[in-house]
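Report on the following structure.
Below, chains carry the letters A, B, ... as their sequence lines are ordered, and counting in each starts from 1.
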Amino acid sequence: MLDSKFIRENLELVRLNIARKNEKVTIDTFEQLDVQRRSIIQEVETLKSKRNTVSSEIAVLKKNKQDATELIDAMKVVSDSIKELDEKLASIEVELENLILYIPNMLHESVPTGKTADDNVEIRRNGECGEKGFRKDHLEIAKELSILDFERGAKVSGSGFGYYVGKGATLERALWNYFLDTHISENGYKEIYTPFIVNEDSMRATGQLPKMAEDMYHCTEDNLYLIPTAEVPITNFYRNETLQGAELPIKLTGFSACFRREAGSYGKDSRGFLRVHQFNKVELVHFSKPEESYNELEQMVVCVEKLLQALQLPYRVILLCSGDTSFNSAKTYDIEVWSPCEQKWLEVSSCSNFEDFQARRASIKYKDTPNAKPSLLHTLNGSGIATSRIMVALLEHYQKEDGSIEVPEVLRPYCRFDRIEKSY
RNA sequence: GGAGAGAUGGCCGAGAGGCUUAAGGCACCGGUUUGCUAAACCGUCGUAGUGGUAUAACUGCUACCGAGGGUUCGAAUCCCUCUCUCUCCGCCA
């Protein structure tokens with residue numbers, strides 16, 4: 001959520017930013033509503049001030065056993081007007097709120113203008129992009145080795161759900177354990193294990209609501225939502241809190257299953273684990289001072305790269321153009337891993353600086369000294385990493401000609417085996 | 001699922017329609033005193049919105065006692081609904 005004062009003073013910039021992000025919201029009514037709102041506030045607060053003064057006069061009269069009916073009658077009229085104005089104000093504020101919630105975050109100046117993913121800018125690349133060669137795609141090889149089972153996933157849950165079986169399940173678990181351990185021991189993160197189901201306030205605070213309502217699983221009976229990413233419970237950990245400046249940056253990492261309805265996206269990238277309703281992800285979240293947040297963003301990307309280097313997977317870092325940068329984000333880097341079978345890059349991580357956009361809605365502040373005025377901090381998050389697409393890349397890259405899968409060096413201590421072969 | 005108790009500033013805690021602009025205490029911060037620490041004393045000490053100012057400092061006003069409604073000239077206080085926490089009972093992973 002943007003600051004309404006900022007919108008008021010920068011209407012043209014906000015409009016331009018909406019266009020650069022390819023968003024459709026119009027803010028034509030903002031100015032008018034904003035002016036109306038403030039004039040009503042002034043009017044109603046003058047009346048309230050009067051009511052407060054006269055009410056204490058009434059109290060004095062009553063105490064002295066004097067007649068106050070004249071004042072009381074006058075205040076009845078005032079109270080009625082206050083009630084009327086308050087109602088009018090409330091409905092304007094609802095309108096304004098609805099407008100503001102659909103205005104996207106301002107882009108950082110370093111974000112290139114562009115319409116689609118084609119306009120994204122490659123920042124750097126590591127490793128060689130292999131050819132398909134003898135390789136079977138991840139579904140084929142996984143079926144041969146009996147480590148992934150989408151048929152039974154569909155039977156038990158529905159299309160877009162899968163089982164990991166045997167060494168496949170172990171490999172999956174090894175991945176997220178390896179990621180977590182690395183972030184904790186080498187990158188200065190604190191581990192946090194979160195609820196997977198959260199309330200409406202939390203979804204609103206991190207910006208999933210109202211825009212993404214259709215993409216989430218909603219338990220209507222309790223009005224709770226299954227998290228689409230651990231970003232939600234991790235960022236909301238500090239909702240409505242003021243942190244000490246000295247403890248920033250706070251870097252949290254947490255594992256969660258992620259649930260997405262992916263409404264309307266069938267047919268696109270939907271084969272196997274490229275797009276599923278439930279997947280596993282280790283999330284990175286930073287709470288940062290504003291002046292440090294862009295430095296934090298760069299560091300976060302490096303933390304993700306280290307994992308891919310250790311797994312020896314070819315990857316590239318992409319700076320998203322304006323049109324591809326999400327609603328909440330001011331600047332986003334995607335990290336993509338090469339898939340030799342698909343012959344394309346797969347997004348495995350997305351690292352974003354939200355600046356104070358989430359912090360404002362979630363009311364997360366910090367202050368440097370005990371008596372300082374609290375100010376909004378910056379929040380960042382990134383996937384570090386989602387396992388399902390890494391699994392796709394692993395099955396392809398580590399495939400041997402005999403149809404077995406070699407376990408990457410760094411995962412062997414977790415797996416306690418170094419090869420997956422056809423066994424049953 | 002049933003019964004009961006509770007929710008007041010950073011924390012503790014009073015307040016039960018009108019000198020409450022929320023008492024008092026603790027903590028924090030600033031100051032005085034002091035050989036250091038401590039103590040004592042004095043003062044400051046919330047959030048948000050909206051005005052006055054070109055901005056800031058500063059300052060006026062309004063709102064906020066779990067949330068939302070209602071009664072009233074006036075609500076932390078009375079009424080209704082909801083949420084959460086705690087205790088007990090039942091049921092069940």
Side-chain angles (χ1 to χ4, degrees), chain A residues 1-10 30-101 194-205 209 218-225 233 236-248 290 356-377:
Chain A
M1 178 169 68
L2 293 177
D3 182 13
S4 62
K5 199 173 286 176
F6 175 86
I7 302 174
R8 183 187 305 155
E9 288 164 3
N10 298 281
F30 177 87
E31 196 169 11
Q32 190 196 344
L33 288 169
D34 185 58
V35 168
Q36 272 184 46
R37 169 173 172 271
R38 283 182 294 151
S39 100
I40 293 175
I41 284 174
Q42 285 177 46
E43 196 180 345
V44 74
E45 288 192 349
T46 307
L47 291 177
K48 282 179 180 174
S49 176
K50 184 172 182 186
R51 182 179 69 184
N52 287 343
T53 316
V54 176
S55 282
S56 39
E57 285 170 19
I58 292 172
V60 173
L61 287 179
K62 290 231 173 187
K63 193 158 204 154
N64 298 333
K65 309 269 189 241
Q66 288 175 288
D67 180 47
T69 46
E70 200 173 315
L71 287 179
I72 290 177
D73 286 346
M75 283 309 101
K76 274 183 184 165
V77 178
V78 172
S79 266
D80 285 346
S81 323
I82 289 173
K83 201 169 174 180
E84 204 175 301
L85 287 170
D86 268 342
E87 279 167 14
K88 206 160 136 195
L89 181 62
S91 82
I92 286 174
E93 287 190 331
V94 167
E95 241 181 290
L96 265 175
E97 174 84 353
N98 275 331
L99 185 58
I100 288 177
L101 287 179
T194 72
F196 291 180
I197 301 180
V198 304
N199 61 28
E200 198 180 340
D201 285 346
S202 299
M203 284 299 184
R204 197 167 286 273
L209 286 175
H218 184 200
C219 311
T220 52
E221 198 160 339
D222 301 297
N223 197 24
L224 296 172
Y225 293 83
N236 273 280
F237 188 69
Y238 289 117
R239 174 151 54 90
N240 294 334
E241 293 190 29
T242 300
L243 309 175
Q244 301 297 324
E247 58 183 341
L248 299 179
D356 61 13
F357 194 77
Q358 285 183 329
R360 179 169 296 106
R361 227 186 277 188
S363 188
I364 308 174
K365 301 181 176 181
Y366 78 100
K367 51 182 177 181
D368 276 315
T369 59
N371 285 350
K373 188 178 157 65
S375 45
L376 295 170
L377 48 69

Where do A:L61 and A:D67 come nearest, in terms of heavy atoms and distance?
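For A:L61 versus A:D67, the nearest heavy atoms are CD1-O, 3.8 Å.
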Over all heavy atoms of both residues, which pair between A:Y366 and A:G245 is shortest? Give the atoms and the distance, please.
CD1-CA, 3.9 Å
Rounded to whole angstroms, how far apart are [atom1] on [X] and [atom2] on [N]?
X: A:N240; N: B:rG9; atom1: CG; atom2: P; result: 14 Å
X: A:L243; N: B:rG10; atom1: CG; atom2: P; result: 14 Å
X: A:N223; N: B:rC82; atom1: CG; atom2: C1'; result: 13 Å
X: A:L47; N: B:rG74; atom1: CG; atom2: C1'; result: 15 Å
X: A:I72; N: B:rC73; atom1: CD1; atom2: C1'; result: 5 Å
X: A:E200; N: B:rC84; atom1: CD; atom2: P; result: 13 Å

Distance check, rounded to the nearest 0.5 Å: A:L33 atom CG versus A:S4 atom OG?
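Nearest 0.5 Å value for the CG-OG distance: 12.0 Å.
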Using a 4.0 Å cut-off on protein heavy atoms (strictly under), produce a 5'-to-3' string for nucleotides 48-70 of chain B with B for base contact, S for backbone-only sugar-phosphate contact, and - for none.
SBSS---------BBS-------
Donor-acceptor pair, [X] side chain versus [Y] backbone, under 3.5 Å?
X: A:S363; Y: A:R360; answer: no
X: A:S49; Y: A:E45; answer: no
X: A:N236; Y: A:S202; answer: yes

More than 12 non-hydrogen atoms from neighbouring residues, nucleotides or ligands closer than 6.0 Å to CZ on A:F196, yes or no?
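Yes, CZ of A:F196 has more than 12 neighbouring heavy atoms, counting only those of other groups under 6.0 Å.
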Within 6.0 Å of CD in A:E241, more than 12 heavy atoms from elsewhere:
yes
Pairwise [atom1] distance for [N] and [M], with rounding to whole Å:
N: B:rG66; M: B:rG30; atom1: C1'; value: 34 Å
N: B:rU21; M: B:rA76; atom1: P; value: 9 Å
N: B:rA56; M: B:rA67; atom1: C1'; value: 36 Å
N: B:rC73; M: B:rA57; atom1: C1'; value: 39 Å
N: B:rC82; M: B:rA7; atom1: C1'; value: 14 Å
N: B:rC29; M: B:rU37; atom1: P; value: 14 Å

Secondary-structure stems for RNA chain B, with pairs counted as Watson-Crick or G-U when both distances are under 3.5 Å and runs at least 3 long:
B:1-7 with B:83-89, B:10-12 with B:24-26, B:29-32 with B:40-43, B:46-52 with B:58-64, B:66-70 with B:78-82
According to the salt bridge (charged side-chain N to carboxylate O under 4.0 Å, His left out) rule, which pairs have a member within residues 86-95 of chain A, sequence neighbours left out?
A:R37-A:E93, A:K48-A:D86
Contacts under 3.5 angstrom, residues 70-84 of chain A side chains, donor-acceptor by atom type, not counting sequence neighbours:
residue, atom, partner, partner atom, Å
A:S81, OG, A:V77, O, 3.0

Between protein and nucleic acid, restricted to nucleotides 16-18 of chain B and to nitrogen or oxygen atoms under 3.5 Å apart, what atom pairs and distances do you find?
residue, atom, partner, partner atom, Å
B:rG18, N2, A:S55, O, 3.0

side-chain contact (heavy atoms from CB on, under 4.5 Å) partners of A:R38, counting only residues at least two apart:
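With neighbours one apart ignored, the set is A:R8, A:D34, A:V35.
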